[in-house]
Amino acid sequence: MNIYKTKYTDKEIAIADLKAKGVYVETDVELSYGEGIQAVVEIGEIALTEGTYDEQGNIITEPTYADGYHYDIMSNHPIEFENQITPNNPKHTFCGY
């Protein structure tokens, strides 16, 4: 099994790259996994500090985020990612991997 942790500049670029690599296949209705893809987890933006809010939900302190938009991919076959990362403290892992 091949596990990839990736970082993109934004979601639109991520989706375009994942489609170009065959991770996602676009149908008339939705995005589906490509052949051999077992899982795709959209991590998105990673909060470094959580925001604080008052009782009405108004922002007191803005959250801060790590750079980039993140996805984790599990595949039966190797995929070449130029933007693969190795985080010290991953926010997500695949059970057993």
Side-chain angles (χ1 to χ4, degrees):
M1 195 61 58
N2 299 281
I3 304 296
Y4 303 98
K5 294 185 169 298
T6 60
K7 179 173 107 172
Y8 294 91
T9 54
D10 61 43
K11 183 175 181 172
E12 291 74 26
I13 290 172
I15 296 293
D17 186 55
L18 295 174
K19 288 181 354 187
K21 287 179 170 43
V23 172
Y24 277 140
V25 176
E26 191 166 16
T27 66
D28 291 338
V29 216
E30 63 186 357
L31 288 175
S32 300
Y33 293 167
E35 185 176 334
I37 303 301
Q38 298 301 309
V40 178
V41 178
E42 180 180 350
I43 307 299
E45 295 180 313
I46 297 173
L48 297 175
T49 59
E50 298 295 330
T52 56
Y53 306 87
D54 66 17
E55 297 80 28
Q56 289 78 38
N58 299 312
I59 297 173
I60 297 171
T61 307
E62 293 277 346
T64 59
Y65 297 96
D67 289 338
Y69 201 87
H70 303 81
Y71 278 84
D72 288 356
I73 296 107
M74 179 186 280
S75 173
N76 288 339
H77 55 79
I79 304 169
E80 187 67 35
F81 284 104
E82 299 78 26
N83 56 334
Q84 189 170 346
I85 60 171
T86 307
N88 292 331
N89 185 18
K91 300 298 178 187
H92 169 265
T93 59
F94 290 108
C95 185
Y97 292 94

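No hydrogens, no waters, no symmetry mates; every other heavy atom, side chains included, goes into these values. Note that this is a predicted model, so its numbers are computed, not measured.
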Original post:
Does atom CG of N58 have more than 12 heavy-atom neighbours from other groups under 6.0 Å away?
Top reply: yes
Subject >> Atom pair OG1/NZ of T93 and K91 - distance to nearest 0.5 Å >> reply: 12.0 Å
**OP:** Drop me the distance from Y8's OH to D17's CG, to the nearest 0.5 angstrom.
**Re:**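 Output value for this atom pair is 3.5 Å.
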**OP:** Starting from I60, walk the hydrophobic network (Ile, Leu, Val, Met, Phe, Trp, Tyr; side-chain heavy atoms closer than 4.5 Å) and list everyone else you reach, by chain and number.
**Re:** none
**OP:** Answer with yes or no whether the side chains of E12 and Y69 bring together a donor and an acceptor at under 3.5 Å.
**Re:**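 E12 and Y69 do not have a side-chain donor-acceptor pair below 3.5 Å.
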Under 3.5 Å: donor-acceptor pair, side chain of [X], backbone of [Y]:
{"X": "T6", "Y": "Y71", "result": "yes"}
{"X": "T61", "Y": "T52", "result": "no"}
{"X": "N83", "Y": "K7", "result": "yes"}
{"X": "T27", "Y": "E30", "result": "yes"}

Original post:
Below 4.5 Å, heavy atoms only, C-beta onward: do L18 and L31 meet side chain to side chain?
Top reply: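 When only atoms from C-beta onward are counted, L31 and L18 do not touch, as no gap falls below 4.5 Å.
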**OP:** Among H70, H92, K11, find the residue that satisfies the side chain to side chain donor-acceptor pair (under 3.5 Å) test when tested with E42.
**Re:**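 Of H70, H92, K11, side chain to side chain donor-acceptor pair (under 3.5 Å) with E42 is met by K11 alone.
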Subject >> Atom of G51, atom of P63 and distance for their closest heavy-atom approach >> reply: N-CB, 3.5 Å
Subject >> Minimum-distance pair of heavy atoms, taken over all atoms of G36 and H77 >> reply: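 Shortest heavy-atom contact: CA-CD2, 4.0 Å.
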Subject >> Residue pairs involving residues 25-65 (criterion ring pair (Phe, Tyr, Trp, His ring centres under 6.0 Å); sequence neighbours excluded) >> reply: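 Applying ring pair (Phe, Tyr, Trp, His ring centres under 6.0 Å) to every pair that reaches into residues 25-65, excluding sequence neighbours, yields nothing.
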